[in-house]
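All values below were derived from every heavy atom in this structure, side-chain atoms included, with hydrogens, water molecules and symmetry-related copies excluded. Because the structure is a prediction, the values reported are computed rather than measured.
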Amino acid sequence: MKRLLKFFIMTLLISIVYQSRYQLLNMLLRNRVGRSLAVRTAFNFPYIRGKMMSQLFKY
């Protein structure tokens, strides 16, 4: 019973986060610390870093 309750609560929380994901993203990127954290995290992925660098130094 306890496991089933945890499952339903987690499903509900995931559903709420999924439905309001853009609002949460806007709230995170609104402040300077959130933006710098997002950029640092994005540049840790080689694919994103490669795409960004090729666009920046295109000319």
Side-chain angles (χ1 to χ4, degrees):
M1 186 68 179
K2 199 172 193 180
R3 183 180 282 174
L4 186 62
L5 182 64
K6 285 182 183 180
F7 175 75
F8 283 128
I9 290 173
M10 288 300 292
T11 305
L12 180 66
L13 287 175
I14 290 171
S15 173
I16 290 170
V17 168
Y18 182 75
Q19 288 176 353
S20 62
R21 64 189 180 273
Y22 295 117
Q23 293 167 346
L24 293 171
L25 189 61
N26 284 336
M27 193 169 51
L28 173 71
L29 296 176
R30 192 175 296 152
N31 60 20
R32 187 176 188 153
V33 175
R35 279 192 306 270
S36 66
L37 182 65
V39 169
R40 272 191 230 136
T41 304
F43 271 95
N44 282 335
F45 295 106
Y47 178 77
I48 295 174
R49 185 175 53 234
K51 284 290 201 182
M52 290 294 289
M53 289 304 197
S54 69
Q55 289 293 320
L56 288 173
F57 299 114
K58 195 173 190 176
Y59 300 103

Could you tell me which non-hydrogen atom of Arg30 sits nearest to which non-hydrogen atom of Arg35, and how far apart they are?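 Taking Arg30 first and Arg35 second, the nearest heavy atoms are O-NH1, 3.1 Å.
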Connected hydrophobic set around Leu24, excluding itself, where side chains approach under 4.5 Å: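 Val17, Met27, which link up through side-chain heavy atoms under 4.5 Å apart, make up the rest of the cluster.
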Supply the members, apart from Leu13, of the Ile/Leu/Val/Met/Phe/Trp/Tyr cluster built from side-chain contacts under 4.5 Å; use none for a lone residue.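 Leu13 clusters with Leu5, Ile9.
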Please tabulate, for the side chains in residues 36-51, all donor-acceptor contacts under 3.5 angstrom to protein atoms that are two or more places apart in sequence or on a different chain.
residue : atom : partner : partner atom : Å
Ser36   : OG   : Arg32   : O            : 3.4
Ser36   : OG   : Val33   : O            : 3.0
Thr41   : OG1  : Leu37   : O            : 2.8
Asn44   : ND2  : Arg40   : O            : 3.4
Arg49   : NH1  : Phe43   : O            : 2.8

Enter the distance from Leu4:CG to Lys6:NZ here, rounded to the nearest 0.5 Å.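 Interatomic distance, Leu4 CG to Lys6 NZ, rounded to 0.5 Å: 12.0 Å.
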For Phe7, does its backbone N or O pair with a side-chain atom of Thr11 as donor and acceptor, under 3.5 Å?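 Confirmed, Thr11 side chain pairs with Phe7 backbone.
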